[in-house]
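Single-structure report; data block below.
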Amino acid sequence: MTMTKYIKWLGLIFGVVVLNILLFSPGFIGLGFGGGAFSTALSVTLLFGSVMALFYGSYTLLFKQPVVLPVKQIETHEDYVEALSFYRRIKVLEEDITLGLSQLSRMKKKKETLLNVLNQRFDPGELSYKKFASVTLEVEKLLYLNIRSVLNRLHVFDEAEYAALMKSKSSKIPPKLVQEKTKVYNDYLSYVKDSLHTNEEILLKLDQLLLEISRLDSFEAGDIEQMPCMQDIDQLIKHTKLYRQ
């Protein structure tokens, strides 16, 4: 059970308990089973509804299998986290998925830090602010693009077949076919790892950019493109986009 689900589950229990206290406590609404037929029927209905809500909510939060979010519907940071978290169940990729989720979290924090620093050092209308903010947003888009590509690969990755393939040494499948299928699955895994490695480069470049900005006392807007880190980021963006064409 994840911490978020645990918190929601406790919240559900607390909500049901508080609701029943309000409904049945003599100091509040004061419903009960010793009054008239209508009061008794209403009390039974509400109590039954509370129990059903608790059971259904607990099942949904604790036992119901999550549904993978279609990649084309992913828009927000939370969508990416939800979609990537779904694949934590793939054992062979568990560490990679954890790394990807960490990258999403770090990207969000670094973007917020960079924009905060820019707001402190520049006026939003200044060309310097616009250039730094623009490259920050471009790098963020690139990281999300990599995660989206990873999700596309994960969507068609068959964990059961991969596991069976890894145990097929004594299988009747021809060795050549096993070798070819193994290569296909290894390509899946390599692509995921390469995308995540690129994301680590992106996050490193953002750290370097933040450091360079903090070191600058004064400079002209035209000097921004000549900053080593800005040039590295520009090359990384161009290389990644060309690689994915």
Side-chain angles (χ1 to χ4, degrees), residues 1-10 56-111 139-204 206 236 239-241 243-245:
M1 182 193 312
T2 64
M3 182 60 67
T4 301
K5 286 186 176 181
Y6 184 71
I7 293 173
K8 289 182 178 179
W9 183 58
L10 290 179
Y56 180 75
S58 298
Y59 165 74
T60 301
L61 290 172
L62 306 181
F63 303 107
K64 187 177 181 180
Q65 292 297 319
V67 179
V68 59
L69 185 67
V71 176
K72 64 180 181 180
Q73 294 182 14
I74 296 177
E75 296 180 357
T76 67
H77 173 84
E78 289 71 23
D79 289 342
Y80 278 98
V81 172
E82 179 184 348
L84 196 57
S85 297
F86 176 83
Y87 295 101
R88 269 181 164 168
R89 59 183 176 78
I90 302 179
K91 294 298 182 182
V92 70
L93 287 168
E94 187 175 0
E95 291 185 2
D96 296 306
I97 302 304
T98 299
L99 176 59
L101 291 169
S102 169
Q103 291 173 346
L104 288 171
S105 176
R106 284 182 283 151
M107 180 71 244
K108 184 178 181 181
K109 291 180 180 178
K110 291 181 191 301
K111 175 189 172 183
V139 168
E140 179 191 38
K141 289 179 183 178
L142 186 59
L143 184 138
Y144 281 129
L145 176 63
N146 284 334
I147 296 295
R148 182 177 288 268
S149 297
V150 167
L151 289 170
N152 280 324
R153 298 310 190 280
L154 293 176
H155 182 67
V156 295
F157 184 86
D158 191 327
E159 182 185 13
E161 184 174 350
Y162 176 78
L165 183 64
M166 295 298 100
K167 299 177 182 178
S168 62
K169 293 182 179 180
S170 59
S171 159
K172 295 181 180 180
I173 301 177
K176 183 178 180 180
L177 183 57
V178 171
Q179 183 178 4
E180 291 177 355
K181 292 180 70 174
T182 301
K183 182 180 183 305
V184 170
Y185 277 99
N186 285 339
D187 286 344
Y188 276 121
L189 301 178
S190 296
Y191 185 91
V192 170
K193 293 181 183 297
D194 289 344
S195 296
L196 295 178
H197 291 164
T198 300
N199 282 350
E200 285 300 319
E201 288 186 59
I202 289 172
L203 293 168
L204 175 60
L206 283 180
L236 180 61
H239 172 76
T240 305
K241 286 184 175 179
Y243 171 72
R244 297 195 178 281
Q245 287 180 352

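Remark: the T76 side chain and the D79 side chain contain an N/O donor-acceptor pair separated by less than 3.5 Å.
A pairwise comparison of heavy atoms in I147 and N199 identifies CD1-ND2, 3.5 Å as the closest pair.
With rounding to the nearest 0.5 Å, the separation of NZ in K110 from CG in L204 is 8.5 Å. Interatomic distance, L104 CG to Y80 OH, rounded to the nearest 0.5 Å: 9.0 Å. Summarising the geometry, atom CG belonging to L93 is positioned 13.0 Å from atom CZ belonging to R153; distances are rounded to the nearest 0.5 Å. Once rounded to the nearest 0.5 Å, the distance linking OG of S190 with NE2 of H197 reads 10.0 Å. The CG atom of N146 sits 7.0 Å away from the OH atom of Y191 when rounded to the nearest 0.5 Å. One finds the CE atom of M107 at 5.0 Å from the CD atom of E140 (value rounded to the nearest 0.5 Å).
In terms of the salt bridge (Lys or Arg N to Asp or Glu O under 4.0 Å) criterion, K109 has no residue partners (sequence neighbours excluded).
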**OP:** Assess whether side chain to side chain contact (heavy atoms under 4.5 Å, CB included) is satisfied between L203 and E200, documenting all intermediate values.
**Re:** CA-CA 5 Å; L203 293 168; E200 285 300 319; 4.2 Å; yes
Take L189 and D96 through the side chain to side chain contact (heavy atoms under 4.5 Å, CB included) test and state the conclusion after the steps. CA-CA 9 Å; L189 301 178; D96 296 306; 6.0 Å; no
- Decide yes or no on side chain to side chain contact (heavy atoms under 4.5 Å, CB included) for I74 and Y144, but give the supporting numbers first. CA-CA 10 Å; I74 296 177; Y144 281 129; over 6 Å; no
So F86 and I97, side chain to side chain contact (heavy atoms under 4.5 Å, CB included) or not? Walk me through it.
CA-CA 9 Å; F86 176 83; I97 302 304; over 6 Å; no
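Although no hydrogens or angles enter the test, the distance criterion places a donor-acceptor pair under 3.5 Å between the side chain of R148 and the main chain of V71. A donor-acceptor contact shorter than 3.5 Å is absent between the side chain of S105 and the backbone of L101. A side-chain donor-acceptor contact under 3.5 Å links T98 to the backbone of E94.
Within a 6.0 Å sphere centred on CD of E180, other residues, nucleotides and ligands contribute more than 12 heavy atoms.
Taking the side chain as every heavy atom from C-beta outward, L154 and L84 approach each other to under 4.5 Å. By the 4.5 Å heavy-atom criterion applied to side chains, K193 and E95 are not counted as neighbours. Side chains of Q103 and L99 form a contact here, defined as non-hydrogen atoms less than 4.5 Å apart.
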